[in-house]
Amino acid sequence: MLSIIVPVYNEEKTIIRVLNKILDLDVNKEIIVVNDGSTDNTQRRVDEMARESGIKSISLDLNRGKGNAVREGLKVVQGEIVAIQDADLEYNPDDMVMLFNILKSKDVDVIYGDRFSFDYETPIWHKMGNKCLSIFSSLFYFCWVKDMETCYKLMYRENWLSLELKSEGFEVEAEITAKVLRNKFKFYQHSISYRFRNYREGKKISYKDGLRSIYALFKYRFQY
């Protein structure tokens with residue numbers, strides 16, 4: 001079974017469409033939505049879906065960040081393989097199933113979805129920022145990482161739990177990568193589709209999160 005954790009913060013405009021896309025996936029799945037202290041109608045939308053579909057819902061009182069939401073979701077996952085799905089429609093859930101099937105068919109521990117193998121319409125600052133973070137990952141851990149910040153990182157449940165994640169915010173992506181590479185998990189990467197969302201549409205990550213990610217890459221190179 002594929003367990004899908006959906007961290008969400010103030011995404012009332014997109015959460016229903018994202019959950020419908022996940023529900024339509026042709027895979028045995030468990031869906032866990034973690035509402036990270038939203039102040040809009042996100043939780044009401046999730047509750048409506050949960051009553052009809054069996055989606056599991058966790059509602060946190062305070063907004064603490066994506067990393068905290070992922071940790072809360074990992075506490076209750078039951079599936080053999082776990083994936084994270086952002087609630088902003090930048091990623092296509094069909095690609096998650098593709099990665100799930102590849103992971104099961106190959107002798108690897110983790111698979112990353114690579115957004116930048118193809119030339120998608122993405123602002124140059126976004127592409128360069130992600131490229132720099134991926135280069136830092138590769139240099140710090142001596143392993144070529146094409147897309148460190150990708151949301152689609154699929155692993156077996158026991159591997160997820162062994163990471164003992166501590167990050168609160170978006171820097172959790174860097175912590176995951178750092179610990180995956182430090183643990184020498186068998187690592188595979190495959191191209192996925194991607195649609196960039198701008199700040200007017202609700203994008204939340206900023207250059208400050210990039211700096212926190214660089215710090216996390218350096219920090220977890222020397223401590224667990």
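Count residues from 1 along the sequence. Just so you know, these numbers use all the heavy atoms, side chains as well, and skip hydrogens, waters and symmetry mates.
Considering all non-hydrogen atoms of both residues, Ser57 and Val46 come closest at OG-CG1, 3.7 Å. Minimum heavy-atom separation, Ile15 to Ala87: CD1-CB, 4.0 Å. Considering all non-hydrogen atoms of both residues, Val145 and Ser138 come closest at N-OG, 2.9 Å. Closest of all the heavy-atom pairs between Lys29 and Ile4 is CB-CD1, 4.4 Å. Summarising the geometry of Phe100 relative to Ile81, their closest heavy-atom pair is CE1-CD1, 3.6 Å, with the distance given to 0.1 Å.
Note that the CG atom of Asp109 and the CG atom of Asn183 stand 9.5 Å from one another [nearest 0.5 Å]. Atoms NZ and CH2, from Lys153 and Trp160 in turn, are 7.5 Å apart once rounded to the nearest 0.5 Å. Here the SG-CD distance, from Cys151 to Glu90, works out to 9.0 Å after rounding to the nearest 0.5 Å. Atoms CG and CD, from Leu74 and Glu164 in turn, are 12.0 Å apart once rounded to the nearest 0.5 Å. From Tyr9, atom OH reaches atom CG of Asp40 across 8.5 Å, with rounding to the nearest 0.5 Å. Expressed to the nearest 0.5 Å, how far CD1 of Ile192 lies from CG of Leu99 amounts to 6.5 Å.
Residues in residues 74-87 take part in these side chain to side chain donor-acceptor pair (under 3.5 Å) pairs, two or more places apart or across chains: Lys66-Asp86, Glu72-Lys75, Gln85-Tyr152. Every pair passing side chain to side chain donor-acceptor pair (under 3.5 Å) that includes a residue from residues 30-39 is listed here, sequence neighbours excluded: Ser3-Glu30, Asn10-Thr39, Glu30-Lys56, Asn35-Ser38, Asn35-Gln43, Asp36-Asn63.
Taking the charged nitrogens against the carboxylate oxygens, Lys219 and Glu175 have no contact shorter than 4.0 Å, which rules out a salt bridge. In summary, Arg115 and Glu149 do not engage in a salt bridge, as defined by a charged side-chain N under 4.0 Å from a carboxylate O.
Under 3.5 Å, the side chains of Thr177 and Tyr141 contain no donor-acceptor pair of N or O atoms. For the residue pair Asn68 / Arg71, a side-chain donor-acceptor distance below 3.5 Å is found, with atom types taken as modelled.
Each of Val110 and Trp144 belongs to its own hydrophobic cluster when Ile, Leu, Val, Met, Phe, Trp and Tyr are linked at side-chain heavy-atom distances under 4.5 angstrom. No continuous path of hydrophobic side-chain contacts links Ile135 to Leu181 [ILVMFWY only; heavy atoms under 4.5 Å]. Hydrophobic cluster membership differs between Tyr215 and Leu217, with clusters built from Ile, Leu, Val, Met, Phe, Trp and Tyr side chains linked at under 4.5 angstrom. Both Val76 and Met155 are assigned to one and the same hydrophobic cluster, defined by single-linkage of ILVMFWY side chains at heavy-atom distances under 4.5 Å. Hydrophobic clustering of Ile, Leu, Val, Met, Phe, Trp and Tyr side chains at less than 4.5 Å, counting indirect connections, keeps Leu139 apart from Tyr220.
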**Q.** Derivation and outcome, side chain to side chain contact (heavy atoms under 4.5 Å, CB included), residues Lys166 and Lys179
**A.** CA-CA 11 Å; Lys166 298 177 175 62; Lys179 292 182 174 180; 4.0 Å; yes

Q: Determine, stepwise, if the pair Asp147 / Gln189 fulfils side chain to side chain contact (heavy atoms under 4.5 Å, CB included).
A: CA-CA 9 Å; Asp147 187 3; Gln189 302 170 86; 5.7 Å; no

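No side-chain heavy atom of Arg157 sits under 4.5 Å from any side-chain heavy atom of Met1. Ile102 is not listed as a side-chain neighbour of Leu154, based on a closest heavy-atom distance of 4.5 Å or more.
With a 6.0 Å radius and a threshold of 12 heavy atoms from other residues, nucleotides or ligands, Asp26 has its CG atom at or below the threshold.
Remark: side-chain polar atoms of Asp95 are paired, donor with acceptor, to backbone N or O of Ser193 under 3.5 angstrom. No side-chain donor-acceptor contact under 3.5 Å links Ser191 to the backbone of Asp114. Between the side chain of Lys146 and the main chain of Ser134, no donor-acceptor pair closer than 3.5 Å is present.
Aromatic rings of Tyr194 and Tyr91 (six-membered ring for Trp) have centroids within the 6.0 Å cut-off, being under it.
Through side-chain heavy atoms spaced under 4.5 Å, either directly or across other Ile, Leu, Val, Met, Phe, Trp or Tyr residues, Leu62 is tied to no other residue.
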